[in-house]
Amino acid sequence: MSAVGVVLADSSVIAKRNMLKITRIPDLLVGTLISPIMFILLFGYVFGGAIDVPNYREFIVPGIFAQTVIFGATITGAGIADDMQKGIIERFRSLPMAQSAVLVGRTASDVVLNVIVTVIMSLTGLVIGWRIRTSFLDAVVGFALLLLFAYALSWVMGLLGLLIRTPEAFNNLTFLTIFPLTFITNAFVPLETFPGPLQTIAQWNPVSTLVQAARERFGNVPPGTELGTWSLQNSELYTLLWIVVILAVFVPLATRQYRRAAAR
Amino acid sequence: MSEVFPRVPVMATASTAAARAVSPAVEARGLVKRYGDVTAVAGVDLTVPAGTVLALLGPNGAGKTTTVRMLTTLLVPDEGTATVAGVDVVADPREVRRRIGLSGQYAAVDENLTGFENLDMVGRLYHLGRKRSRERAWELLEQFDLTDAAKRVAKTYSGGMRRRLDLAGALVAEPPVLVLDEPTTGLDPRSRNDMWELLTRMVGGGTTLLLTTQYLEEAERLADDIVVIDHGRVIARGTADELKTQVGGQRVEVVVATDGDVDAAVAVLHEVAVGELQVERRARRVTAPVTSGTQVLVQVLQRLGEVGIVPLDAGLRRPTMDDVFLTLTGKPADEVAGVDEPARPVGEGVRP
Ligand SMILES: Nc1ncnc2c1ncn2[C@@H]1O[C@H](COP(=O)(O)OP(=O)(O)O)[C@@H](O)[C@H]1O
Ligand SMILES: [Mg+2]
């Protein structure tokens, strides 16, 4: 096997193991599968009447997609923190496997999970009136962008998990960071509703541009939406740039931290 | 470097003599590992001839785990060199990992996977292939008496079962060199006995085994050669017999009723002791290494009677780890300074 072949083979073994683990922890399984349905229903029906956007449910579904896949990305961090606490990492370290496979496999299993979750959310969305109003190909690109962004964030979460090392502390931290990251955006309300400085932050927040890009690809942009900044006018390019930068920075950092942490 | 550190002669036993002709399975020279101010390992040399068992014996904090982690590529030594199965641990860690099986101090199993899934995964990561990994997992589950529990998640296993599963994990690729860090610590006496039997059977098959332990009894039972370490240094090496000869075959232990009797007991035991006495005043216990067990005990009881002392307790016992340390260093295990204590072969002797 080539070096890349080894990494891929080992990563798929690790990814499979992570998926197996999820099925063994019912809380995680239920939380992962049920919460997206709940979010779609709650946001769609509870806020739907209060927020002044034509066809609010169609507006909000891509926002919930984004928030949910971003939360999905945190599983990597909690999982790796958990692994570091347990003895299994010693086993991995003593095997002739590609050491990068622990992280590559981790982030890969998050993607698989996010795909499953996205399918569930899409079906729920269709039930409450969300529609894709573009082509099949556009929709695929929209979903791919959401998953890719979450994948990049998985590496950030992986690094944090390695640094923090306790799943509970990690979960607290992500709670405190992911909520502002996903709420100071256009995901649930139009950007015009934010006061001055917060609006600027929201306009340049890559989660906003991710949501904007997804809405464009699904044909869910409400008529009359103002795109005041370059980031929003070029939402897809801007989001892709973020993805590339995050991967370029955090893949090496997380990989290095894994080597270090495991060597203790 | 290897010129500076001449090969320390390992006392040959019958089983090691033949194996010595080929290159050793594990060879470490001058291994050093520091953590800030703490020198966890301060220059350890050891050689494990292929097909033999070496026990690294030492109390908690002696540097056993650190040594083992350097030999198994989990830690990079600050100084020194080591080869395992002929491969340099620093230069080619992946190749070393291909040739070793490691079972660490704490069981490295995935609690949310079943016994079978754990072993199957390890097989895949050793690149045995899908089919062979499965076969091997079942073989090992059978061999380690875990077949009935194969489909249960490891979380539900007892301590002994986890340990066995972990050991099975180390054996998946049938590695020529096996490294076990305190394989029986934390096990109840029965599981410990089972583990000993299992290991004895295993090394019968020609595997080289390096194990660490805190128990002289365990080292004696399993190992051809023993290396005693404390504070990161080798303080003695030899076969179990050689070590025991050095620490004195047996101990006579006397506990007296009053503080006043302690000195008298010391005087009596002095007459029969072959090494230094151990006097624990608070416990009113005096211990002496002796050569010829029961006869000496009778003699001691007689002499105590003559000076009018009726001991609360008197008996013979085998040397413990503490005795080894006391004899080798003159101090109980937890007081050994170890700073400029040179390593010395057992044969040279430390105490008269
Ligand atoms: N990661 C570490 N950081 C700091 N000190 C350590 C670390 N690992 C081990 N030590 C210290 O090194 C010494 C040897 O430890 P160890 O090799 O675990 O001993 P043993 O396995 O014989 O009980 C101890 O004093 C221990 O506290
Ligand atoms: Mg240890």
Side-chain angles (χ1 to χ4, degrees), chain A residues 1-29 32 75 78-106 109 167 256 258-264, chain B residues 33 35 65-66 68-76 87 92-114 116-130 133 152-156 162-163 165-166 168-170 172-173 175 179 181:
Chain A
M1 259 195 289
S2 67
V4 176
V6 172
V7 173
L8 291 181
D10 293 350
S11 301
S12 72
V13 173
I14 300 285
K16 186 182 147 206
R17 167 246 180 191
N18 296 341
M19 299 304 292
L20 268 177
K21 274 178 84 121
I22 289 174
T23 67
R24 300 286 151 72
I25 308 172
D27 293 359
L28 199 57
L29 191 64
T32 314
I75 297 176
I80 203 98
D82 191 51
D83 283 348
M84 297 310 282
Q85 271 190 334
K86 305 269 164 69
I88 189 68
I89 212 80
E90 288 278 301
R91 172 66 65 212
F92 290 153
R93 284 259 303 152
S94 72
L95 293 175
M97 61 187 281
Q99 290 302 310
S100 57
V102 175
L103 281 167
V104 175
R106 253 296 156 206
S109 53
R256 202 185 61 167
Y258 171 75
R259 292 233 166 81
R260 258 197 216 163
R264 278 208 264 194
Chain B
K33 185 73 197 177
Y35 292 107
T65 298
T66 309
V68 158
R69 286 172 64 86
M70 286 191 280
L71 291 174
T72 52
T73 75
L74 299 184
L75 271 181
V76 177
V87 183
D92 201 352
R94 175 97 59 108
E95 199 52 43
V96 169
R97 288 179 203 147
R98 239 187 269 285
R99 296 157 193 240
I100 56 167
L102 170 66
S103 173
Q105 194 167 352
Y106 306 99
V109 301
D110 194 323
E111 304 200 318
N112 291 306
L113 298 189
T114 66
F116 170 78
E117 286 163 350
N118 262 290
L119 295 179
D120 182 46
M121 173 179 75
V122 171
R124 297 300 300 276
L125 294 173
Y126 268 114
H127 308 127
L128 298 187
R130 188 186 297 267
S133 296
R152 265 171 34 209
V153 289
K155 209 184 286 187
T156 65
R162 266 179 226 217
R163 213 63 240 214
L165 182 60
D166 189 48
V172 165
V179 180
D181 195 5

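None of the values given here were measured: they were computed from a predicted structure.
The shortest non-hydrogen separation linking A/Met97 to B/His127 is CA-CE1, 4.2 Å. Nearest heavy atoms, A/Leu95 versus B/Arg97: O-CD, 3.2 Å. Scanning all heavy atoms of the two residues, the minimum distance from B/Asp110 to A/Ile88 falls at N-CD1, 3.7 Å. Closest approach of A/Val6 to B/Arg94, counting heavy atoms only: CG1-NH1, 4.2 Å.
B/Glu95 does not touch chain A: none of its heavy atoms, backbone or side chain, sits under 4.5 Å away. Only the backbone of B/Val109 comes within less than 4.5 Å of a heavy atom in chain A; its side chain stays farther off. Residue B/Ala173: no heavy atom, backbone or side chain, is found under 4.5 Å from chain A.
Contact count against chain A (heavy-atom pairs under 4.5 Å) is highest for B/Leu102 among B/Val172, B/Thr73, B/Val96, B/Leu102. When A/Lys86, A/Gln99, A/Arg24 are compared by the number of non-hydrogen pairs under 4.5 Å with chain B, A/Arg24 comes out ahead.
With rounding to the nearest 0.5 Å, the separation of CD1 in A/Ile25 from NZ in B/Lys155 is 6.0 Å.
For B/Thr72, the side-chain hydrogen bond (donor to acceptor under 3.5 Å, both in side chains) criterion is met by no residue, not counting sequence neighbours.
The backbone N or O of A/Pro96 sits nowhere less than 3.5 Å from a side-chain atom of B/Arg98 that would complete a donor-acceptor pair.
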Decide yes or no on salt bridge (charged side-chain N to carboxylate O under 4.0 Å, His left out) for A/Glu90 and B/Arg69, but give the supporting numbers first. CA-CA 10 Å; A/Glu90 288 278 301; B/Arg69 286 172 64 86; 2.6 Å; yes
Distance-only criterion, 3.5 Å: show the donor-acceptor pairs between side-chain atoms of residues 119-126 of chain B and protein atoms not counting sequence neighbours.
residue, atom, partner, partner atom, Å
B/Tyr126, OH, B/Ile100, O, 2.9

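A 6.0 Å sphere centred on CZ of B/Arg130 holds no more than 12 heavy atoms belonging to other residues, nucleotides or ligands.
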